[in-house]
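Structure in structure tokens, see below.
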Amino acid sequence: MPELPEVETIRRTLAPVLVGRRILAAALLRRDVLIAPGDPRGGFSRQRGATRRDHPASDATRVRPARPVPVAPVDLLEGCTVTDVLRRGKQLAIVGAGPAGTPGRAREPSSRALVVQLGMTGALEALAPGAANGEHARRAGAADAASPHVHARWELEPARGRPGTMVFIDPRRFGCLRAVPTLADLDALWSSLGPDALEIDGPRLWEALRGSRRPVKAALLDQAVLAGVGNIYADEALFRAGVPPRKLAARLGPRRAADLAAAVRGVLAEAVEARGSTLRDYRDAAGRAGEFQSRHAVYGRGGEACTRCGGVLRSAVVAQRTTVWCPRCQR
DNA sequence: CTGGTCTCCTGATCGC
DNA sequence: TGCGATCAGGAGACCA
């Protein structure tokens with residue numbers, strides 16, 4: 001489940017593959033994965049019932065369209081040269097210039113972006129030539145371009161020693177792609193997110209928490225409050241800061257908010273260093289697993305011993321999420 | 001406006 | 001061996 005460290009790891013492994021290269025062709029294999037400009041969907045989730053309308057067949061026969069669905073090619077950056085791969089919170093933006101020679105804009109190729117939200121099981125993977133041809137990938141965990149869960153595919157301008165194909169894979173389809181026509185639109189989209197969690201400081205976190213009567217864990221998971229934290233790193237940060245997940249955000253106080261901000265930064269930075277946590281699906285753009293999962297202190301360890309005090313870790317649902325904490329160390 | 005609940009989706013796992 | 005139930009959860013829609 002990609003949270004900030006996993007998305008940042010994908011960004012770092014993807015940028016060297018993409019930046020400076022032109023996207024020769026892009027194909028969308030499942031329409032409802034893309035949010036195009038003008039789409040009434042404000043957010044990132046697919047329209048209610050859209051799947052059923054697009055695929056009236058029963059579940060048993062509902063399969064991915066055999067051919068790409070029609071879409072404005074430039075929405076998927078076809079013809080553009082990638083200039084940057086950005087991240088805010090859990091969202092990635094692949095920034096492209098061009099395509100060159102757009103009518104009416106003779107001189108400067110305009111910049112646009114494709115924003116990728118990975119959701120639960122989403123991944124962007126750069127494929128080695130063999131895998132891109134649909135052959136079964138040798139490397140364990142590597143994507144297969146023929147997988148029914150590949151929803152979009154990009155062919156890149158050839159470059160020596162670099163993968164020539166990128167795919168968007170997402171079995172659960174909680175993720176999606178969003179076509180963003182200008183950089184101003186990208187700013188507008190990202191202005192609805194809170195500050196990036198990797199750079200959160202005490203005063204800013206306290207400012208965001210002090211007016212909230214929610215449990216502090218619910219506030220941490222709110223991307224408008226803080227961008228990038230999901231269930232795993234929320235629990236880890238709360239443990240490090242010694243804050244009980246159900247404590248009301250507004251009652252934290254500025255000092256403990258500063259402790260929590262430092263814990264959020266610390267755990268995320270360490271996780272980035274370890275290239276993220278792989279529980280099941282997550283891989284970076286080269287298909288490699290992360291290693292931070294072996295260092296989780298509380299996530300997934302309900303009923304086991306606290307690494308700090310040896311007591312039994314407690315597990316309960318907080319903010320609609322399974323939550324694990326140490327009742328003795330977090331009070 | 002706020003916070004809590006529902007919903008989307010597939011695959012892994014478990015009990016029988 | 002098969003099969004239904006359960007769980008995982010990011011985040012928008014919806015509702016009190």
Side-chain angles (χ1 to χ4, degrees), chain A residues 1-7 10 30-35 39-55 57-64 87-92 115-123 141 143-144 147-151 168-178 189-190 192-194 197 208-236 245-251 276-283 293 296 299-303 315-324:
Chain A
M1 40 219 73
E3 301 180 32
L4 187 152
E6 292 76 34
V7 177
I10 290 173
R30 186 180 266 280
R31 174 196 284 278
D32 59 1
V33 158
L34 177 73
I35 299 174
D39 195 303
R41 290 173 286 182
F44 274 88
S45 71
R46 287 185 313 286
Q47 199 166 26
R48 260 184 159 59
T51 300
R52 209 161 300 140
R53 220 173 304 133
D54 289 351
H55 305 278
S58 71
D59 283 5
T61 57
R62 196 173 68 197
V63 295
R64 161 170 82 107
R87 181 192 58 76
R88 174 83 173 261
K90 306 176 194 174
Q91 297 183 19
L92 274 179
V115 170
V116 183
Q117 175 98 20
L118 295 171
M120 280 287 296
T121 54
D144 181 343
S147 159
H149 301 309
V150 170
H151 306 311
F168 173 62
I169 313 165
D170 188 10
R172 298 272 287 279
R173 306 212 303 277
F174 281 13
C176 65
L177 309 172
R178 187 184 186 95
L189 182 70
W190 280 2
S192 65
L193 296 175
L209 297 183
R210 64 184 303 174
S212 170
R213 260 168 271 120
R214 283 185 287 181
V216 62
K217 172 156 179 182
L220 287 182
L221 293 175
D222 185 342
Q223 301 301 297
V225 168
L226 186 63
V229 175
N231 201 38
I232 296 173
Y233 298 105
D235 279 9
E236 295 298 318
R246 290 187 286 200
K247 187 174 182 67
L248 294 190
R251 302 214 173 174
S277 302
T278 295
L279 299 181
R280 181 171 305 157
D281 303 285
Y282 164 73
R283 306 276 156 174
Q293 64 279 6
H296 293 168
Y299 180 84
R301 299 193 61 241
S315 181
V317 173
V318 179
Q320 291 76 244
R321 297 284 179 273
T322 300
T323 300
V324 182

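Chain identifiers are assigned alphabetically (A, B, ...) following the order of the sequence lines, protein sequences preceding nucleic acid strands; residue numbering begins at 1 within each chain.
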### Query
Nearest nucleotide by nearest heavy atom, which residue falls closer to the 5' end of DNA chain B, Ala218(A) or Arg280(A)?
Ala218(A)
### Proximal nucleotide (of dG3(B), dA8(C), dA11(C)) relative to the Thr322(A) side chain
dA8(C)
### Message
Without decimals, in angstroms, what is the distance between Leu279(A) CG and dA8(C) C1'?
### Response
10 Å
### Message
Based on the rotation axes of five pairs at each end, what angle does the helix from dT2(B)-dA16(C) to dC16(B)-dG2(C) bend through, to 10°?
### Response
50°
### Task
Compare the minimum distances between each of dG3(B), dT5(B), dA11(C) and the side chain of Gln320(A), then state the nucleotide with the smallest one.
dT5(B)
### Message
Students often get this wrong, so: under 4.0 angstrom with heavy atoms, is Tyr233(A) touching a base, only sugar-phosphate, or nothing?
### Response
nothing
### Task
Remember a base hit wins even if backbone is also touched, and classify Ser212(A) as base, sugar-phosphate or nothing at under 4.0 Å, heavy atoms.
sugar-phosphate
### Query
Taking atom P of dC8(B) as reference, at what distance in whole Å does atom CD of Gln117(A) sit?
19 Å
### Query
Nearest-Å distance, CD1 (Ile35(A)) to P (dA11(C))?
12 Å
### Query
Is the side chain of Gln117(A) donor-acceptor paired with the backbone N or O of Leu177(A) at a distance under 3.5 Å, no angle test?
no
### Qualifying residues under salt bridge (Lys or Arg N to Asp or Glu O under 4.0 Å), relative to Arg88(A), sequence neighbours excluded
none
### Task
Measure the distance from CG on Leu209(A) to P on dG3(B) and round it to the nearest whole Å.
11 Å
### Message
The criterion is salt bridge (Lys or Arg N to Asp or Glu O under 4.0 Å); which residues satisfy it with Arg87(A), sequence neighbours excluded?
### Response
Glu8(A), Asp196(A)
### Task
Ignoring the backbone of Arg173(A), work out which of dG4(B), dG10(C), dC9(B) is nearest its side chain.
dC9(B)
### Task
Please name all residues satisfying side chain to side chain donor-acceptor pair (under 3.5 Å) with Asp222(A), sequence neighbours left out, ordered by chain then number.
Arg214(A)
### Message
Could you tell me how far apart Tyr299(A) (OH) and dA8(C) (P) are, to the nearest whole angstrom?
### Response
8 Å
### Summary
Checking dC8(B), dG3(B), dA11(C) against the side chain of Phe174(A) (C-beta onward), the nearest is dC8(B)
### Message
Measuring to OP1 and OP2 of dC9(B), would you say a side-chain N or O of His149(A) lies under 4.0 angstrom away?
### Response
no
## Note on the structure
Tyr282(A) meets the side chain to side chain donor-acceptor pair (under 3.5 Å) criterion, sequence neighbours left out, with none
### Nearest-angstrom distance from the residue atom NZ of Lys217(A) to P of dA11(C)
14 Å
### Short side-chain donor-acceptor distance under 3.5 Å, Thr322(A) and Tyr299(A)
no
### Message
Closest-nucleotide mapping onto DNA chain B: is Arg321(A) or Pro171(A) further toward the 5' terminus? I mean the 5' end.
### Response
Arg321(A)
### Query
Over how many whole Å does the gap from Leu226(A) atom CG to dA11(C) atom C1' extend?
15 Å
### Summary
Lys90(A) meets the salt bridge (Lys or Arg N to Asp or Glu O under 4.0 Å) criterion, sequence neighbours left out, with none
### Message
Nearest whole Å is fine: how far is dG4(B) P from Arg214(A) CZ?
### Response
8 Å
